[in-house]
J.: 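The structure's right below; bear with me while I get my questions together.
These numbers come from a predicted model, not from an experiment. Just so it is clear, the values below take in all heavy atoms, side chains as well, and ignore hydrogens, waters and symmetry mates.
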Amino acid sequence: EITHMTGQAVGVRLSKLIDEGVVKRFTVDTDSRKMGIEVTAIVTIYMKTLDHDRMKHLINETKEVVEAHRISGEGCYILKVEAADMLQLNEILDQINKYANYKLALSIGRLKG
């Protein structure tokens, strides 16, 4: 109604944006605490070796890693990890430590995003 377009016209434009790669994904904003997530951590990864394949596999297979970036500067990767509790976070960090050292920062409050 706001755009004065029919649903079909909006669908066609949205499909075009998806086809052109402008829209890459759709997301849902959730309340982490209501989903049982009590700990949010930012983990900077420092690889022990040049073999990154195992780390990439671990990142992709760990559902608690909700965001991951290859970075320049300090570290090799930065991860956002959402865990149910500190025990679960420690289990993830133990897996990471097999391939890399890490620096951990715990979120104490969400400001944006």
Side-chain angles (χ1 to χ4, degrees):
E1 288 180 25
I2 293 172
T3 61
H4 303 289
M5 296 172 64
T6 66
Q8 183 177 6
V10 171
V12 168
R13 288 197 182 184
L14 186 56
S15 292
K16 183 178 177 186
L17 291 172
I18 292 168
D19 292 342
E20 292 174 354
V22 175
V23 174
K24 291 185 173 189
R25 65 186 173 112
F26 296 91
T27 187
V28 176
D29 191 14
T30 58
D31 185 329
S32 298
R33 289 193 173 255
K34 289 184 180 178
M35 295 178 60
I37 297 166
E38 295 294 326
V39 179
T40 300
I42 305 301
V43 183
T44 305
I45 303 292
Y46 302 87
M47 294 299 296
K48 293 178 182 177
T49 71
L50 295 177
D51 181 9
H52 290 244
D53 290 338
R54 290 183 194 165
M55 180 55 65
K56 289 177 185 177
H57 180 74
L58 177 64
I59 289 168
N60 287 320
E61 294 300 314
T62 305
K63 67 178 176 39
E64 292 81 11
V65 175
V66 296
E67 196 169 330
H69 300 269
R70 180 105 190 243
I71 59 172
S72 64
E74 186 177 340
C76 299
Y77 301 93
I78 193 161
L79 314 178
K80 178 180 177 185
V81 179
E82 294 182 339
D85 53 33
M86 290 302 290
L87 180 63
Q88 185 181 45
L89 177 61
N90 276 320
E91 291 170 357
I92 295 164
L93 294 175
D94 286 344
Q95 292 299 311
I96 289 170
N97 203 35
K98 291 178 182 178
Y99 313 110
N101 294 317
Y102 60 84
K103 182 173 73 173
L104 178 70
L106 297 177
S107 173
I108 58 172
R110 184 171 163 180
L111 300 177
K112 184 177 179 179

J.: Using the side chain to side chain contact (heavy atoms under 4.5 Å, CB included) definition, which of the options V81, V65, I96 pairs with I59?
T.: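 Answer to the side chain to side chain contact (heavy atoms under 4.5 Å, CB included) test with I59 among V81, V65, I96: V65.
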J.: Is there a donor-acceptor pair under 3.5 Å between the side chain of N97 and the backbone N or O of L93?
T.: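 No: the side chain of N97 does not pair with the backbone of L93.
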J.: What is the distance from atom NZ of K63 to atom CD1 of I92, rounded to the nearest 0.5 Å?
T.: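 Going from NZ on K63 over to CD1 on I92, the span is 8.0 Å.
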J.: Answer yes or no: does atom NZ of K48 have more than 12 heavy-atom neighbours from other residues, nucleotides or ligands under 6.0 Å?
T.: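 Count over threshold, so yes.
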J.: Would you mind reporting whether L79 and E67 have side-chain heavy atoms less than 4.5 Å apart?
T.: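 The answer is no; the side chains never approach within 4.5 Å.
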J.: CZ/R13 to CD1/I18 distance, rounded to the nearest 0.5 angstrom?
T.: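 It is 14.5 Å, given to the nearest 0.5 Å.
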J.: Evaluate the criterion side chain to side chain contact (heavy atoms under 4.5 Å, CB included) for residue pair V12 and M5; output intermediate values, then yes/no.
T.: CA-CA 11 Å; V12 168; M5 296 172 64; over 6 Å; no
J.: Only counting residues at least two apart or in another chain, list the ones meeting salt bridge (charged side-chain N to carboxylate O under 4.0 Å, His left out) with E61.
T.: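 For E61 there are no salt bridge (charged side-chain N to carboxylate O under 4.0 Å, His left out) partners, ignoring immediate neighbours.
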J.: What is the distance from atom CG of L58 to atom CG of D53, rounded to the nearest 0.5 Å?
T.: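 Between atom CG of L58 and atom CG of D53 there are 12.5 Å.
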J.: Listed by chain and number, what are the side-chain hydrogen bond (donor to acceptor under 3.5 Å, both in side chains) partners of K98, not counting sequence neighbours?
T.: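 Partners of K98 under the side-chain hydrogen bond (donor to acceptor under 3.5 Å, both in side chains) test: Q95.
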J.: State yes or no: do V39 and L104 share one hydrophobic cluster built from I, L, V, M, F, W and Y residues joined by side-chain heavy-atom distances below 4.5 Å, directly or via other members?
T.: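 Shared cluster, yes.
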J.: Ignoring hydrogens, what is the shortest heavy-atom contact between Y46 and Y102? Give both atom names and the distance.
T.: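 For Y46 and Y102, the tightest heavy-atom pair comes out as CD1-CA, 4.1 Å.
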J.: First locate atom CG of L89, then atom OG1 of T40, and finally report the distance between them rounded to the nearest 0.5 Å.
T.: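 Atom-to-atom, L89:CG and T40:OG1 are 9.5 Å apart.
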J.: Tell me whether M86 is reachable from V43 by hopping between hydrophobic residues (I, L, V, M, F, W, Y) whose side-chain heavy atoms are closer than 4.5 Å.
T.: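 Result: yes, single cluster for both.
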J.: Sequence neighbours excluded, which residues qualify as side-chain hydrogen bond (donor to acceptor under 3.5 Å, both in side chains) partners of Y99?
T.: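 Per chain and number, Y99 pairs via side-chain hydrogen bond (donor to acceptor under 3.5 Å, both in side chains) with no residue.
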J.: Looking only at non-hydrogen atoms, find the nearest pair between H52 and L50 and report the distance.
T.: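 Residues H52 and L50, closest heavy atoms: CD2-O, 3.0 Å.
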J.: In this structure, are over 12 heavy atoms from other groups packed under 6.0 Å from E20 atom CD?
T.: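 Result for CD/E20: enclosed.
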J.: As an exercise, state the distance from CD of E91 to CG of D85, rounded to the nearest 0.5 Å.
T.: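 Answer rounded to 0.5 Å: 8.0 Å.
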J.: Determine whether M55 and I42 fall in the same hydrophobic cluster, where Ile, Leu, Val, Met, Phe, Trp and Tyr are linked whenever their side-chain heavy atoms lie under 4.5 Å apart.
T.: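 No, separate clusters.
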J.: As an exercise, state the distance from OG1 of T44 to NE2 of H69, rounded to the nearest 0.5 Å.
T.: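 NE2 of H69 is found 11.5 Å from OG1 of T44.
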